[in-house]
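What follows is one structure encoded as structure tokens, with my remarks underneath.
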Protein chains: 2
Amino acid sequence: MFFLKELPDEDMIAGVTADLPDVSPTHILTVLTRLRAASVLLRNIEAYLRRHGLSQTQFLAMMMIVREPDRASLSAAEIAARLDISKPVLSKALGSLADKGLIGPATSQPADRRQTQLSLTPDGQRRFDQLLPGYFQQLHAADM
Amino acid sequence: MFFLKELPDEDMIAGVTADLPDVSPTHILTVLTRLRAASVLLRNIEAYLRRHGLSQTQFLAMMMIVREPDRASLSAAEIAARLDISKPVLSKALGSLADKGLIGPATSQPADRRQTQLSLTPDGQRRFDQLLPGYFQQLHAADM
DNA sequence: CCCATATAGTTATTATGCTAACTAATTGGA
DNA sequence: TCCAATTAGTTAGCATAATAACTATATGGG
């Protein structure tokens, strides 16, 4: 997250980057502005999901299962490949979702006993469906 | 941070937001694209600073002191007002910087004994000056 | 003057991220 | 066939974020 409240002005950037000829202060300021807007949006999304008892990672993990076109379940490794987070973080997030009863093992399991196919429970699907419109509203209302 | 590797396509967004008439799929996709680019950039910046032994918050706290036009020191409360982080997080970040010898109490202290004016040590100023060009390079090279 | 209130900063607790190292199961090449 | 290497997932330990609650100091209205 990018916490800087007041961005530097172009003159300040120009002063600092005077010996970096290929760095354009105007471009830097654009990037900083978007970085700040993205961080504020992410905080809003996290707060929205938190109010409903989920972290963003938990929500996105559910989304990956829901989004899969021709299947109703995914393994942890498949979810990890679609998200960009480390294995232990995903492991904890999935454990949390299972504790809440929002995901569970799918009815049909693969032969490979290292992995478990995971699907949303009816409760999980309901919760996800409830949260999705608000999630898109947050994205829609973002100042970017 | 926003971890989704593959963004949904517009049709998928349109399907989900069909009953949200004011939400434009094109706009949502733009926001998601920028959110993802911002997250990748933030990870790169954090990795860059981490390689040099600082967190982003520690680096930005130093920047706030350096950036102050007419003074060489700030109190923790003044730094907190310029960054957008909670007091305990700032407290720990400043403690870390002091442990590393990069900041220290300023020579002149205010009468109010609750607060301490903090300034960069010569070592801290040198470290900051070394890191700043690379920091702007990261911003410059960002895909946004 | 003095106590209620506000402000500066720290400590305690919780959640989430990371890397490294671990166990268990599978696979593949000599 | 069998053991080395790979893959799935978890555990351990650390850093950083948050909120709530704490101590210490300062301020201001009666």
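All figures in this text were calculated on a predicted structure; none of them were measured in a lab. All chains are named by letter (A, B, ...) in the order of the sequence lines, taking the proteins before the strands, and each is independently numbered beginning at 1.
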Taking atom [atom2] of [N] as reference, at what distance in whole Å does atom [atom1] of [X] sit?
X	N	atom1	atom2	value
A/Phe3	D/dT16	CZ	P	12 Å
A/Leu42	D/dA17	CG	P	14 Å
A/Leu94	C/dG17	CG	C1'	15 Å
A/Arg50	D/dA18	CZ	C1'	9 Å

Between [X] and [N], is there a contact of a side-chain N or O with OP1 or OP2 at under 4.0 Å?
X	N	result
B/Thr57	D/dA17	yes
A/Arg43	D/dA17	no
B/Ser86	D/dA18	yes
A/Arg113	C/dT26	yes
B/Ser55	D/dT16	yes
B/Ser91	C/dG9	no

- Atom CG of A/Asp99: over 12 foreign heavy atoms under 6.0 Å: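 Count over threshold, so yes.
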
- Message: Can you confirm whether A/Lys92 is buried at NZ, in the sense that more than 12 heavy atoms of other residues, nucleotides or ligands lie under 6.0 Å from that atom?
- Response: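 Check fails, neighbour count at 12 or below.
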
- Within the structure shown, what part of the strands sits under 4.0 Å from A/Gln56 by heavy-atom distance: base, sugar-phosphate, or nothing?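 Nothing: the residue A/Gln56, judged by heavy atoms under 4.0 Å, touches no strand.
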
- Query: Heavy atoms under 4.0 Å, any strand shown: does A/Ala111 hit a base, just sugar-phosphate, or nothing?
  - Reply: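 Counting heavy atoms under 4.0 Å across all strands, the contact made by A/Ala111 is with sugar-phosphate only.
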
- Query: Pick the nucleotide of DNA chain C nearest each of A/Pro88 and B/Arg114; which residue has the one closer to the 5' end?
  - Reply: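 Nearer the 5' end of the strand: B/Arg114.
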
- Message: For B/Asp112 and A/Asp84, find the nucleotide of DNA chain C closest to each by heavy atoms; which residue's nucleotide sits nearer the 5' end?
- Response: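 Final value for this comparison: B/Asp112.
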
- Item | Proximity of B/Tyr135 and B/Tyr48 rings by center, below 6.0 Å |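 Ring centres of B/Tyr48 and B/Tyr135 not closer than 6.0 Å.
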
- Quick one: do B/Arg71 and B/Glu78 make a salt bridge, cutoff under 4.0 Å?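 Yes, this pair counts.
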
- Charged N to carboxylate O below 4.0 Å: is that the case for A/Asp84 and B/Arg36?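 Yes.
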
